[in-house]
Engineer: 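Just passing along the structure, written as C-alpha cells.
Since this is a predicted model, take the numbers as computed values, not measurements.
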4 protein chains.
Amino acid sequence: MPEDNEDKKNRILDAATSLFAKRPFHKVLLDDVAQAAHVGKGTLYLYFEGKEELYLAVLFRNFSKLIERIQDNIAKNENDPKAQLTGIIEELIKSLYNHAAFYELLRGAIVSLPDNNRWSGERAKLYKLIENVLRSGIEKEVFSDSHPDLTALYIPGIVRSVCLRRPEAMTTEDILRHAGGFVLEALRPR
Amino acid sequence: MPEDNEDKKNRILDAATSLFAKRPFHKVLLDDVAQAAHVGKGTLYLYFEGKEELYLAVLFRNFSKLIERIQDNIAKNENDPKAQLTGIIEELIKSLYNHAAFYELLRGAIVSLPDNNRWSGERAKLYKLIENVLRSGIEKEVFSDSHPDLTALYIPGIVRSVCLRRPEAMTTEDILRHAGGFVLEALRPR
Amino acid sequence: MPEDNEDKKNRILDAATSLFAKRPFHKVLLDDVAQAAHVGKGTLYLYFEGKEELYLAVLFRNFSKLIERIQDNIAKNENDPKAQLTGIIEELIKSLYNHAAFYELLRGAIVSLPDNNRWSGERAKLYKLIENVLRSGIEKEVFSDSHPDLTALYIPGIVRSVCLRRPEAMTTEDILRHAGGFVLEALRPR
Amino acid sequence: MPEDNEDKKNRILDAATSLFAKRPFHKVLLDDVAQAAHVGKGTLYLYFEGKEELYLAVLFRNFSKLIERIQDNIAKNENDPKAQLTGIIEELIKSLYNHAAFYELLRGAIVSLPDNNRWSGERAKLYKLIENVLRSGIEKEVFSDSHPDLTALYIPGIVRSVCLRRPEAMTTEDILRHAGGFVLEALRPR
DNA sequence: CATGAATGAGTGTTCATTCAT
DNA sequence: AATGAATGAACACTCATTCAT
C-alpha cells in the first residue's frame, strides 16, 4: 500500500462509510464506492483486500475514532464519574446520530471474519472503558451497581435504540438529558 | 398461494428464521432455505414473492409472536406495572436470546421496502405497549419518568445489547434480575 | 385420450391459438393456456405431450382447416383457374388476417421436432394445391408461368406480408382485389 | 459501455446472429453466445442490456446493412427502375438466403419492446425505398400499379417465402430470374 | 378423468475480483 | 500506482412437467 496516499484511503473510507450507512451490505456495490470516492474500482483493491475487509475497515475506523473521543472525554473529567458517564453518552449519541451504518458496530453478530478478533478487541475496549468509569464511581460511592460489566453493555444499547427511533420532536440535547438522567438514576446509591 | 397449507409456510419460515439468524442476508441461499425446509426451491415462490419478502416475513412473524406474548403477559399482571415491566423484559430476553437475526427487528434502519409500513407499524406497537405500561405505572405513582416514550425505546435497547454480548458466565435469570433491577431503579419515584 | 371430450381438446387449442397469436413461444405460459381454456394445467398433458406438441397442434389444426377451405373453394370453381386462384388468395387473407401466430405456419424455420414431417407434409399439401391450380391454368392457357412450383410459394408470401403490415386505411376487399390483380397480371399469357 | 471496442460488440453480434439464425429465441442460451463470441458471459451485459436487447440488436444491425446495400444498388441504377427493382430482389435474396433468423425482421409481429419504434422505423424505411422505386417506374411509364404501397410489401414477402422453402434443385440465380420476372410481369404497363 | 401444488433443472443476470494497459 | 474493461462463479428466479389426491 502506498504510504503518502493515506489521503486516498481515507477518501475511500469516507465514501464507503456513507454508503454502508444508507444501505445494507449486499446492496452496496463496489462500483458505487469507487464512484463516490472518485477512484477507479481496481484502486479499492490496492487499499483493501475485498469488500468485507473494506466494510470492516469502515466500522473499525469509525469505532476507533469514537473510542478516542471517549478516552479524551474521560481524561478531561478525571475524578468525576458522573460527568464521565454523561460524556460517554454524549459521544455515543454524536457518533450514532449521524452514522446509521455505524450501528453495525455495536452489533457484530453478522460478519464473521478471520480478523474478527482485532475487531471484537476494539469493541471490548469500549465496554471496558465504560465499565471502568462505573467501577470508579462505585468506589467513590456515587454509583451503586452489582454488575458494572452488564451495565456497560446497557449504555450503548440505550443510546443506539433512541438514536435509531428517536421521536421527531426531540433534540439531541433533550435525548442526552433524559438518557443521562435515566442512567444516573438507575445507578444512584441506595 | 395455496390455501390450507399454512403448515408448509411455517416450515419455510422456521427454516428461514434459523438461517437468517446465523448468517447475514446475502450469505443465506434460497437453496439452503429450501433444503432446510424440506421443500423444493420453487415452492418458496408459491408462498413468498422473493428473497426479500421472505426475509421480511421471517422478521414479521417472529416480531408478531413476541408482541402477542408481551400482551398476554401484561394482561396476566393487570394493575401491577412493575410486574408487567419485568415481564416485558423477560419476554424480550427470551426472544432475543436465541434469535440473532431477530435483532434486525428492533433495528429496521436498513431494509427499506414497499410494505415497510406494515412493518414499522408493528414495531410502533411494541413501543406503545411498553410506553403504556410505563404511563400506568406513573399514574399509579410506582414509576417516575418525564419521557416514557423515550424510556420505551431504551428497554429493548438494553435487552438487545446484553443478549448480543452477554458475559459467558451469566445465566438468563441473572441477566433478567440485573436488567430488571436497573430499569426499576431508574424509574423509582423520587 | 378421452374420446367424447374432443370438445375440451378444442377448447385448449382455441385458447392456445389465441395466445400463440399474441406472443412469441417463450412468452406463452402453460399456466395462461390452462386458465384461458378453463382447464387445469395438468389437463393439458392429457391431450398433448408437452408445450411444443401443443404449439404444433395449434399450427396443424389451423393449417388443416385452411387447406380444407381452399379445397372446397377449388372444387366450387372447377374449370375456372382464375376464380380458383382468387379464391385461394381470399382464404389465405381470411386466415392470416386474424391469426398473427399463424404466420409461423408458413415459416417453419424455427421449431424442429420429430413429427415435423407430418407437419411439413401438410405445408407441402398447401403448396401443391396452389401449384395444381396454376398448372391447370397453364394447360388451359389462361396462365403463363415457367415455374409454377415457385409461384406457389410466392402467393402465401404475398398475402402474409400484406396482412402483417397492411396500411390502416385498407379494407380486406381492397387488399384482395389488388393482390389478386397483381398475381393474375403476373401470370397473364404473353 | 466501453467506447472504442466496436470490434468486440460486433463479434458478439456476429455470434448471436448465427445462433438466432439456427434456433428459436428460447433455445439460444447466453452461455452459447458468449462462448461463440469468445467472450465472458458478463461481457455481453457491457454491450447489451439483456437477452431481448441483444436479439433486437442482431435484427437491427442486419436489417440496416440490408437497407444500405439496397440504397447503394438503387443509386447505381439511377433512372432504370426495372434494374433497381431487380437489384432490390437480389439483395433481399442474398440477405434472407443465409440468415434464417433474419426472417424475423420482416415479421415484427411478435416482439414488442420499448424501442420497437426505432425498429419499425427501419422497416418502414425499407418499404418506402421499394415504393419509391415503384413510383418512379410508374412515372416513367415502365410500371403500372394502382397501389405501389401494397406492392412494396409483396416483394419482400415473395422473396421471403421462396427463400424459406426453395426447391432443392434451384439456384439463387434461377430464383432471382423467376421472381424478378414475376414481379416485372405483374407491373407491366397495360 | 381432472386438478393444481410441488418440483428442480435450467438460465438470465449480477457483481466481486482480476489484470492488461 | 491507477484504472476500468473483462470475467465467470454464484445466485435468484422461472416454468414445463409430474403426481398425489
Engineer: Take the protein atom OH of Tyr47(D) and the nucleotide atom P of dA5(F), then report the distance between them rounded to whole Å.
Structural biologist: 8 Å
Engineer: Can you name the closest pair of heavy atoms from Lys9(C) and Tyr47(C) and give their distance?
Structural biologist: CB-CD2, 3.8 Å
Engineer: Mind jotting down which residue pairs meet the salt bridge (charged side-chain N to carboxylate O under 4.0 Å, His left out) criterion with at least one end in residues 28-40 of chain B? Sequence neighbours excluded, please.
Structural biologist: Arg23(B)-Asp32(B), Asp31(B)-Lys41(B)
Engineer: Can you list, in residue-number order, the parts of residues 30-40 of chain D that come under 4.0 Å of DNA chain F, counting heavy atoms only?
Structural biologist: Val39(D), Gly40(D)
Engineer: Residues in side chain to side chain donor-acceptor pair (under 3.5 Å) with Ser18(C), at least two apart?
Structural biologist: Lys22(C)
Engineer: Mind calculating the distance between CG (Leu54(A)) and P (dT17(E)) to the nearest angstrom?
Structural biologist: 10 Å
Engineer: In whole Å, I'd like the distance from the CG atom of Asp7(C) to the P atom of dA2(E).
Structural biologist: 11 Å
Engineer: In whole Å, I'd like the distance from the CD atom of Glu53(B) to the C1' atom of dC13(F).
Structural biologist: 14 Å
Engineer: Treating a pair as Watson-Crick (purine N1 to pyrimidine N3 plus N6-O4 or O6-N4) or G-U wobble (N1-O2 and O6-N3) with both distances under 3.5 Å, list the stems of 3 or more consecutive pairs that involve DNA chain F.
Structural biologist: E:2-21 with F:2-21
Engineer: Between Lys51(D) and Val28(D), is there a donor-acceptor pair closer than 3.5 Å when you use the side chain of the first and the backbone of the second?
Structural biologist: yes
Engineer: Looking at Lys27(B) and Glu52(A), what are the two nearest heavy atoms and their distance?
Structural biologist: NZ-OE2, 3.5 Å
Engineer: Step by step, work out the side chain to side chain contact (heavy atoms under 4.5 Å, CB included) result for Leu29(C) and Leu19(C).
Structural biologist: CA-CA 9 Å; Leu29(C) 309 189; Leu19(C) 288 167; over 6 Å; no
Engineer: Could you give the CG-to-P distance, from Leu44(B) to dA9(E), as a whole number of Å?
Structural biologist: 15 Å
Engineer: List the residues meeting side chain to side chain contact (heavy atoms under 4.5 Å, CB included) with Asn10(D), not counting sequence neighbours, and say none if there are none.
Structural biologist: Glu6(D), Leu13(D), Arg61(D)
Engineer: Checking Glu122(C) now: which residues fulfil side chain to side chain contact (heavy atoms under 4.5 Å, CB included) with it, not counting sequence neighbours?
Structural biologist: Phe60(C), Phe63(C), Ser64(C), Ile67(C), Trp119(C), Lys125(C)
Engineer: Under 4.0 Å between a side-chain N or O of Lys41(B) and OP1 or OP2 of dG10(E)?
Structural biologist: no
Engineer: Could you tell me which non-hydrogen atom of Glu53(B) sits nearest to which non-hydrogen atom of Glu49(B), and how far apart they are?
Structural biologist: OE1-N, 3.0 Å
Engineer: Go through the structure and list residues passing ring-ring contact (aromatic ring centres under 6.0 Å, His included) with His26(B), not counting sequence neighbours.
Structural biologist: Phe25(A)
Engineer: Looking at residues at least two apart in the chain, or sitting in another chain, which of them share a side chain to side chain contact (heavy atoms under 4.5 Å, CB included) with Ala37(B)?
Structural biologist: Ile12(B), Ala15(B), Val39(B)
Engineer: To the nearest angstrom, how far is Glu52(D) atom CD from dG12(E) atom C1'?
Structural biologist: 11 Å
Engineer: Give every pair of a protein N or O atom and an N or O atom of nucleotides 19-21 of chain E that lie under 3.5 Å apart, one pair per line with the distance.
Structural biologist:
none

Engineer: Which part of the nucleic acid, if any, lies within reach of Lys51(B) when heavy atoms closer than 4.0 Å are counted: base, sugar-phosphate only, or nothing?
Structural biologist: sugar-phosphate
Engineer: Mind listing the closest non-hydrogen atom pair of Tyr45(A) and Gly50(A) along with its distance?
Structural biologist: CE2-CA, 4.0 Å
Engineer: To the nearest Å, give me how far apart OH (Tyr55(D)) and P (dG12(E)) are.
Structural biologist: 14 Å
Engineer: Give the rounded distance in Å between these two atoms: CZ of Phe48(D) and P of dG12(E).
Structural biologist: 15 Å
Engineer: Between dT7(F), dA16(E), dA2(E), which one does the side chain of Leu46(C) approach most closely?
Structural biologist: dA2(E)
Engineer: Please compare Glu49(B) and Val28(C) by the position of their nearest nucleotide in DNA chain F and report the one closer to 5'.
Structural biologist: Glu49(B)
